[in-house]
Amino acid sequence: MNVVITGGAGFLGSHLADAYLRDGDCVTVIDNYVTSDGSNIGHLLEHQHFHFVQADICVEFPALPEKPDLILHFASPASPIDYAQIPLETLAVNGPGTQRCCKAALAYGARVLFASTSEIYGDPLEHPQRETYWGNVNSVGERSCYDEGKRFGEAVMAAYRRAHGLDARMVRIFNTYGPRMRANDGRVVPTFIAQALDGAALTVFGDGTQTRSLCYVDDLIEGIRRFAALPNPAHFVVNLGADHEVTVLEIAQRIARACNVDLRVEHRPLPPDDPTRRRPDLSRARELLGWEPRTPLEIGLQHTIDWFRSKRRSLTCL
Ligand code: UDP
């Protein structure tokens, strides 16, 4: 199978590329390196079934070396710090960028899967969040470029299904962590790990009672691939993530413990529109995919901390 991954040099995209190549598929990554560099895919460049195209799909969908069977549209800034810095690019890649992916999928007769997000639920009034929930989003707030960009992307996918019968699917990805996150991308897990390894205080926003549920990257990748492979699924939208809810303060405690440091917390103001609670209802994913987020938080955090440690060691050796 030929798989195209937009944003394939990023955190999730590069793990997807690894997984498909491991199974003997051919992978083409399209990325403009706006929030990544080549480090996540450096080990793939010599692989005989791997192609890299540096291009911005907001400008055009590039020519491909092979006809794709599956397009995974994962190009987008995804951390609050990133999308606040480039809000217009964030809107463009999820709006016109998604339209270009759908158009290409239609022209090639390929299936397309869009990386949507739990952010489309906003600060949810329904808990846990089921796929049928429409969300509670501030359309003009600081997160709106991402939240509304992804909502528009979902609408594009749904319209292409209806208007053209395109096999367009989407996964709503809840907080995911693991190796290859950027230490400075502002998200809670890499930030706390970097601070703990530096012996610095952990910056807890607000009082730290807001909750998230954290999914280890390998589990998420498995869920995405199962959904992408399913013939004629009964649903075209599915939540993926973990459903063990923890407070941000608890995340800080666990990371400090796993890094063997005493917990020191520095409270900072809660960013605007920061959701108070978030946890997916995973009934649909379990039923449709026979899938389960299996990695306990303790183990996933340890793998991630080990990766950050080894990356630091290799940087200091340079
Ligand atoms: N957070 C925090 N300190 C940080 C970074 C994040 O307390 O240095 C909090 C943030 O306010 C949010 C949670 O951790 O409540 C998850 O934030 P993240 O940016 O990882 O993801 P998202 O807000 O998109 O769920």
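Note: hydrogens, waters and symmetry copies are ignored here, and every other heavy atom, side chains too, is used. Read the numbers this way: they start at 1 and go in the same order the structure lists the ligands and their atoms. Keep in mind the model is a prediction, meaning the values are calculated, not measured.
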Query raised in the report: Should the proximity of V189 to ligand 1, defined as any heavy atom under 4.0 Å, be assigned to the side chain, the backbone, both, or neither?
Result: neither
Report task. Examine the proximity of ligand 1 to V188 and report which part, side chain or backbone, both or neither, has a heavy atom under 4.0 Å away. Result -> both
Report task. Return the orientation label for the Y83 and Y146 ring planes: parallel under 30°, perpendicular over 60°, tilted otherwise. Result -> parallel
Query raised in the report: Below 4.0 Å from any atom of ligand 1, is there a heavy atom belonging to R268?
Result: no
Query raised in the report: Under 4.0 Å from any heavy atom of V204, which atoms of ligand 1 are there?
Result: 7 (O)
Requested in this report: Go through ligand 1 atom by atom and flag the ones less than 4.0 Å from a non-hydrogen atom of Q210.
Outcome: 9 (C), 11 (O), 15 (O)
Query - ligand 1 contact by S79, heavy-atom criterion under 4.0 angstrom - result: no
**Report entry** Side chain to side chain, V248 and T211, heavy atoms closer than 4.5 Å
**Finding:** no
Requested in this report: Test the R212-F174 pair against the cation-pi criterion, namely NZ or CZ under 6.0 angstrom from the six-membered ring centroid and within 45° of the ring axis.
Outcome: no
Report task. May I ask you to test the S213-D243 pair for a side-chain heavy-atom distance under 4.5 Å? Result -> no
Report summary line: When distances are taken from atom 16 (C) of ligand 1, the protein heavy atom at minimum range is R212 NE, 3.7 Å
Query raised in the report: So, for F114 and F236, is the gap between ring centers shorter than 6.0 Å?
Result: no
Query raised in the report: Is the closest heavy-atom distance from E119 to ligand 1 below 4.0 Å?
Result: yes
Query raised in the report: Quick one: do V4 and L106 end up in the same hydrophobic cluster if we chain Ile, Leu, Val, Met, Phe, Trp and Tyr together by side-chain heavy atoms under 4.5 Å apart?
Result: yes
**Report entry** From R143 atom CZ to E148 atom CD, the distance as rounded to the nearest 0.5 Å
**Finding:** 13.0 Å
Query raised in the report: Mind checking whether P68 and L64 have side chains closer than 4.5 Å, heavy atoms only?
Result: yes
Query raised in the report: Under 3.5 Å between some N or O of ligand 1 and some N or O of N175?
Result: yes
Query raised in the report: Where do I81 and D185 come nearest, in terms of heavy atoms and distance?
Result: CB-O, 3.8 Å
Query raised in the report: Looking at P80, which atoms of ligand 1 are within less than 4.0 Å of one of its heavy atoms?
Result: 19 (O)
Requested in this report: Name the option, out of T203, T209, T211, that contains the heavy atom nearest to atom 3 (N) of ligand 1.
Outcome: T203
Query - Closest protein heavy atom to atom 13 (C) of ligand 1, given as residue, atom name and distance to 0.1 Å - result: V248 CG2, 3.7 Å
Report task. For the residue pair I120 and Y133, establish whether any side-chain heavy-atom pair is separated by less than 4.5 Å. Result -> no
Query raised in the report: For atom 1 (N) of ligand 1, which protein heavy atom lies nearest, and how many Å away is it?
Result: F205 CD1, 3.5 Å
Query raised in the report: Out of R143, R187, R278, who gets a non-hydrogen atom closest to atom 23 (O) of ligand 1?
Result: R143
Report task. Write out the residue and atom name of the closest protein heavy atom to atom 10 (C) of ligand 1, then the distance separating them to 0.1 Å. Result -> D274 OD2, 3.3 Å
